[in-house]
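Here is the structure we will look at, set down as structure tokens.
Owing to the predicted nature of the structure, the values given are computational and were not obtained by experimental measurement.
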Amino acid sequence: EWKGEQNCHVMIVAEQGIGDAIQFLRYVNYFGGNVTFGIQAGDTLHRLLRDVVPPQHTVAEYLNWRDYDYFIPLCSLAAVARCIAPSVYIPRYEGEKLARIGFVWKGNPDHGNDSNRSVPVGFFKRFLKYDAIPLQWRDTAFGIKSPVVGDFKDTAQILSRIDLLISVDTSIVHLAGSMGIPTWCIMPKFDSDWRWGTSGEKSVWYDSVRIIRNSGDWLTVFDGIEND
């Protein structure tokens, strides 16, 4: 496993979810030009990564480990760096403004904690009067279709055209945070993910993300969001 050796080829495997991949891929640029990385990640990230990482690195869905000197799981890059690298590493894209607010109410239903982190879509209806649109992957809310996206570059282009994202804890929060887009991330009352800590509104991983914690019930949470 790679421990920070220089002048070598290192195979990185994005072994966790998409959100984890976006969170920790910041370290590819952090380590500079003396190491060549091969990044094995899902194809929905490929176009975005090719815009972000230097051209000497390889991005593919499958790589041959025999072509590399070392291997490392993506999330272990933080342990090698021994720091939290700067959060903003994905540039915003040019485009005409789409809406003031984008909202996402659920994550991957196969996630083990999805029943806690996802929120009934009805709570978001109040935001429509503030020029809000749904950004839920291939879904519709209140008769409004989410913009059609094929991968995370498409999603990044859409996020570049809003002022604020309001979302449950899912991959789009990591993408928005990595772009420096103001984001309000809604946390469940129980079993919030480790990276968000257990108290406070600030994220150690993303300067632009505000953490909104459910300390009672969803109605109270959304009343507080609207009052803000």
Side-chain angles (χ1 to χ4, degrees), residues 1-95 107-108 111 135 137 149-161 165 167 169-181 183 193-196 203-209:
E1 185 170 316
W2 187 58
K3 302 297 184 183
E5 293 85 352
Q6 297 296 295
N7 301 308
C8 58
H9 302 292
V10 179
M11 177 179 171
I12 299 172
V13 176
E15 82 287 9
Q16 302 294 326
I18 294 291
D20 302 271
I22 295 170
Q23 178 181 353
F24 287 97
L25 279 163
R26 68 181 74 180
Y27 288 97
V28 171
N29 292 346
Y30 173 83
F31 285 111
N34 293 327
V35 179
T36 302
F37 292 113
I39 305 165
Q40 182 171 294
D43 60 359
T44 57
L45 286 171
H46 290 181
R47 288 201 307 138
L48 178 66
L49 291 181
R50 290 182 181 123
D51 283 355
V52 172
V53 301
Q56 70 266 27
H57 303 309
T58 301
V59 177
E61 189 166 10
Y62 300 104
L63 295 170
N64 188 338
W65 62 269
R66 295 180 179 84
D67 296 333
Y68 295 87
D69 302 310
Y70 297 96
F71 157 90
I72 190 169
L74 173 60
C75 295
S76 296
L77 290 175
V80 176
R82 298 185 179 183
C83 71
I84 295 178
S87 60
V88 178
Y89 72 96
I90 299 174
R92 299 193 192 193
Y93 293 87
E94 297 293 328
N108 182 346
H111 189 282
L135 297 181
W137 179 277
V149 298
D151 62 11
F152 279 88
K153 178 173 179 176
D154 290 342
T155 305
Q157 290 172 330
I158 290 168
L159 286 173
S160 299
R161 299 166 61 195
L165 173 69
S167 174
D169 177 17
T170 189
S171 57
I172 197 170
V173 171
H174 295 279
L175 181 57
S178 298
M179 299 172 69
I181 292 170
T183 301
D193 203 63
W194 63 268
R195 77 200 78 220
W196 307 117
S203 165
V204 300
W205 291 100
Y206 301 106
D207 294 337
S208 67
V209 173

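Cation-pi check for R50 over F152 is not met; the charged atom does not lie both under 6.0 angstrom from the ring centroid and within 45 degrees of its normal.
Side-chain contact check for S87 versus R26: some heavy-atom pair is nearer than 4.5 Å. Between P54 and N29 the shortest side-chain heavy-atom distance falls below 4.5 Å. The shortest distance between side-chain heavy atoms of I22 and L45 falls below 4.5 Å. Residues V52 and L25 have side chains not in contact (no heavy-atom distance under 4.5 Å, counting atoms from C-beta outward). Within the 4.5 Å cutoff, no side-chain heavy atoms of M179 are placed close to those of V88. A heavy-atom distance below 4.5 Å is found between the side chains of I39 and V53. Taking the side chain as every heavy atom from C-beta outward, I12 and V28 approach each other to under 4.5 Å.
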Working for side-chain contact (heavy atoms from CB on, under 4.5 Å), residues H174 and Y206: CA-CA 8 Å; H174 295 279; Y206 301 106; 2.8 Å; yes

From CA spacing to verdict: side-chain contact (heavy atoms from CB on, under 4.5 Å), V10, T36: CA-CA 6 Å; V10 179; T36 302; over 6 Å; no

Verdict with supporting geometry, W137 and I172, side-chain contact (heavy atoms from CB on, under 4.5 Å): CA-CA 10 Å; W137 179 277; I172 197 170; over 6 Å; no

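Between G177 and S208 the shortest heavy-atom distance is CA-OG, 3.7 Å.
For the side chain to side chain contact (heavy atoms under 4.5 Å, CB included) with L175, the lone residue among T170, T183, L159 that qualifies is L159.
Rounded to the nearest 0.5 Å, atoms SG (C8) and CG (N34) are 9.5 Å apart. Considering CD of Q23 and CD1 of I84, their distance stands at 8.5 Å, rounded to 0.5 Å.
H46 places no side-chain N or O within 3.5 Å of a backbone atom of D151 that could act as its donor or acceptor partner. Under a 3.5 Å cut-off, the side chain of Q16 and the backbone N or O of A14 do not form any donor-acceptor pair. In this structure a side-chain-to-backbone donor-acceptor pair under 3.5 Å is missing from S167 to V173. The backbone N or O of G38 sits nowhere less than 3.5 Å from a side-chain atom of Q40 that would complete a donor-acceptor pair.
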Using residues 55-81 as the side-chain source, report each donor-acceptor pair under 3.5 Å to any protein atom, sequence neighbours left out, with the distance given to one decimal.
| residue | atom | partner | partner atom | Å |
| --- | --- | --- | --- | --- |
| H57 | ND1 | F37 | N | 2.9 |
| N64 | OD1 | R66 | N | 3.0 |
| D69 | OD2 | H9 | N | 2.8 |

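The number of heavy atoms from other shown groups lying within 6.0 Å of OH (Y30) does not exceed 12. Within a 6.0 Å radius of CD in E94, other residues, nucleotides and ligands contribute 12 heavy atoms or fewer.
Within the structure, every pair that satisfies the salt bridge (Lys or Arg N to Asp or Glu O under 4.0 Å) test and touches residues 10-20, not counting sequence neighbours, is listed here: D20-R195.
Aromatic ring pairs are classed by plane angle as parallel below 30°, tilted from 30° to 60° and perpendicular above 60°; the pair F24 and Y27 is parallel.
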